[in-house]
Amino acid sequence: MACSMILLARTISKSTKSLRHEVVRPVCAVASSTIAALAVKAAGRRHGRNSGTSFASGLPPSLLLGAGIGAVSFVSSLSSSSSPTTQCEKSNHANAVTVVDIGAPFPLEPLDNKEIPGPVGIPSRVEQVRRLRTSSAQHPYDILVVGGGATGCGVALDAVTRTIPSDPSRKFTVACIERGDFASETSSRSTKLIWAGIKYLASASASLLSLKLLTSPIQTVNEFVEEFNMVFQCHQERKFMLDKQRHLTNWVPIVCPFTEWHKVWPPPFGHWLFSFFPILAPVVFKFYDSLSQFTCPPSYILTKKETRMQFPQLNEKDIKYCAVFYEGQHNDARTNLAIAMSAAEKGAHIANYVEMIDCIFNDAGKVIGIQAVDRVTGDKFQIYANHVVFAGGPFTDSLREKESRSGSDEQTMTSAVQGASGSHIVLPGYYAPNNMGLLDYNTSDGRFLFFLPWQGSVIVGTTDKKGPAETLPTAPEEEIQWILKECEKYLSHDLKVRRSDVLSAWRGWRPLAADPHAPPGGQVSRDHVISTNPNTGVTFIAGGKWTTWREMAQDVVDKVLGRENGDMKCNTLDITLHGGDGYSNSLSVELIQKYGMDQKVAEHLVKTYGGRVWEVADKAKPTGKRWPRYGVQLVEGYPYIEAEVRYACQEYACTIEDILSRRTRLAFLNKDASMEALPRVADIMAEELGWSKRTKASQIKAAQKYLDSYGGRIPQEDAGKVSLPLNQDVISLFEQLDTDGNGFLDIHEIKDMSERLGRPLSDKYLKKVFDEMDRNRNGKIEVEEFIHWLENSKDSTGFAKALNESYRLGGKAWLKRRSTTFLG
């Protein structure tokens, strides 16, 4: 009776009000453990991590290095070193940030990591740290780079390969350290494009044709020329990457759909001229092609009929035609690692998980080195260098604070870098063709939004919101919702974009830089900024784009080393990055023929490791199947294999999260899949690195905490508060459990809810609960079956009780009373 009344009430309710949006606020068990976890997340989001843009930006001393995940410890600044030349950072700056460390618990206790060899021809990580410890005040490095993102590693590569025509035997000594993993920040969280900046070309044109040309003609023209030169240089750097680094990059055609022939309103970039962009687009894109000397695939147009055939996911009814242009695409984290490994191969002493904690000064106040700590072992040591470069991206100011002297000589630091965040979501691959993306050039708030196929899925982004940089990849729910809403504009109405289709979501930060040491009235750069502190001699680099990493590195080395060494030759334009040697278009076929690998696995391995793929394939183990014969996959549906984990340990991977986020991209592609692969990754790393059971357990816990900060199918609760759902009826509960909105529950949705309630069910008890619900044994829990289970369950697992308590349902008696009120 209760069932029928509730079902009738559900029908009436749906007829009198619009259906609830698909987004569901997660149920949080009011347990102290949950509150503690949320408190850690809240603190992390509030303060961020003082790290580099995937760069080694040392944390302030307020971080207790040995703290495990979940512990929130605030400690006072480290006291000054006994060394007369060392000054420790004081944490009394107005903009100092207190940090909660999220990541692997270092140093390892006990220290069980064993030394394993690096890739062929490259020193191991342990050996690199050993070499970093050998510098002294009498024998310093020529240059030390603090930051292991794309720019920092690029500076190391450029410097170590520089030659001086007058002294060919002279080779610079180079060191580079990264506080976390290579590319652990901004450099791994991009839109995955190597793009030449069509947006900047458009904004420059809009500014040139504005009233500013009449009021400030010289300034307006200068700004246009600067912006145009930046776009032109982006084209040259894109050409370098796509031509020289074919093993890491590919071209991707991007559709720009038009639903009007003219008078687009409001006009893009706020300029009336762009209201005619649908007519001008073919000419604009041809001009865009010309900036790279037509070395890119040519732009073209698609008729409405051709669009329907090539991009069937689009809403063909409203589309007039499409213009198509090309941009470069890459796996950003892998490109960053390739730059780092190339620098190591050329002779740079480079290591991840080495943190700068202090600066070392001489009597004149110049920085002559740094105090560092190997976060894996906890060992502290000094690194001396004639020149120190900070490459910390949006976290650069945190590094610059360490230049300040204590006591009466302390200087007031002028902020140089602000952060701007960009969120991305990942949708299943069926939302776009596997070889074509989409650009929305005129979103509801005027930003560009890319819709791109990548690694078998579809990336959608990015947003743009200014604010203090944070280290966790957590994407705000409101930004996820905004992206989903914008997706619906061009997609077919038959293709519903659901919140539960979000497989992963993340947020990265880009630096917006200004030169704090520029003379008054100096021109503000609209690109990257390179500035040297005249008091300490430290140089920092900030700003720029992924596309121009090589150009930025060249500019830094020219500025830092050029003063003393005169004419130097930059050789990076002639360098093929790690994995480029031995790469060919037929390499995947050779791999399949030799090892009997799955085609998708072989293609993935070749595009990731290039000519180094044989080193990975040699570690592949038999699958035990007739086909494929080699290459045991980490998780179903993705081409990553166990051999990659073993090889990643040789490429300096130190944590489980390193593997799941950057060596593979599972966490970026599918949060649930990364959680599924985590136990096996832990087993392999423990075997390779010699972890004890204690170390392995702590690493697993740390990885789970970090991966939980990614977005996924289920919206995350606001990390700053704990709240309970307001709805107290069973229908509400069922709809919240039904995250994909298909009208029934499957076993995975029941498992998700048990975890959200803080009462995770083992596989044995999960099956038991599901079988109790599934009365007709069809593998689907209809609402009637769910209500019947709530009313009649023996609740041997305590799951029904947890639901009742969390939703304040009040038990079986409440259900019967409540059902009678629906018809009143």
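Judged as a ring pair (Phe, Tyr, Trp, His ring centres under 6.0 Å), and not counting sequence neighbours, His387 has no contacts. For Asp464, the side chain to side chain contact (heavy atoms under 4.5 Å, CB included) criterion is met by Ala420, Arg447, Arg510, not counting sequence neighbours. In this structure Glu115 satisfies the side chain to side chain donor-acceptor pair (under 3.5 Å) test together with Ser124, Arg130, sequence neighbours excluded. For Pro516, the side chain to side chain contact (heavy atoms under 4.5 Å, CB included) partners are Arg400, Thr414, Ala416, Ser531, Phe540, not counting sequence neighbours. In this structure Glu237 satisfies the side chain to side chain contact (heavy atoms under 4.5 Å, CB included) test together with Gln233, Phe240, Thr547, Thr548, Arg550, Glu551, sequence neighbours excluded. Under the side chain to side chain contact (heavy atoms under 4.5 Å, CB included) criterion, Ala156 pairs with Val174, Cys176, Ala343, sequence neighbours left out. Scanning for side chain to side chain donor-acceptor pair (under 3.5 Å) contacts around Arg663 gives Asp181, with sequence neighbours left out. Under the side chain to side chain donor-acceptor pair (under 3.5 Å) criterion, Asn331 pairs with Arg665, sequence neighbours left out. The side chain to side chain donor-acceptor pair (under 3.5 Å) search around Ser135 returns none, not counting sequence neighbours. Residues satisfying the ring pair (Phe, Tyr, Trp, His ring centres under 6.0 Å) test with Tyr710, not counting sequence neighbours, are Phe668.
Electrostatic pairing of Lys402 and Asp397 does not count as a salt bridge here, judged by no charged N lying under 4.0 Å from a carboxylate O. By the 4.0 Å N-to-carboxylate-O rule, Glu651 lies close enough to Arg334 to be salt-bridged with it. Remark: Lys559 does not engage Asp555 in a salt bridge, criterion side-chain N to carboxylate O under 4.0 Å.
The stretch residues 123-164 participates, sequence neighbours left out, in these ring-ring contact (aromatic ring centres under 6.0 Å, His included) pairs: Tyr141-His349. Listed by first and then second residue, the salt bridge (charged side-chain N to carboxylate O under 4.0 Å, His left out) pairs involving residues 163-175 are Asp142-Arg170 (not counting sequence neighbours).
Note that Lys545 lies in the cation-pi zone of Tyr200, set by a 6.0 Å cut-off to the ring centre and a 45° limit from the axis.
In this structure, a donor-acceptor pair under 3.5 Å is present between the side chains of Asn352 and Arg125. Between the side chains of His330 and Thr335, at least one donor N or O sits under 3.5 Å from an acceptor N or O. No side-chain donor from either of Ser698 and Thr695 sits under 3.5 Å from a side-chain acceptor of the other.
Considering Asn533, Val146, Val145 in turn, Val146 is the only one that fulfils the side chain to side chain contact (heavy atoms under 4.5 Å, CB included) rule with Phe390.
Within 6.0 Å of the NZ atom in Lys244, the count of heavy atoms belonging to other residues, nucleotides or ligands exceeds 12.
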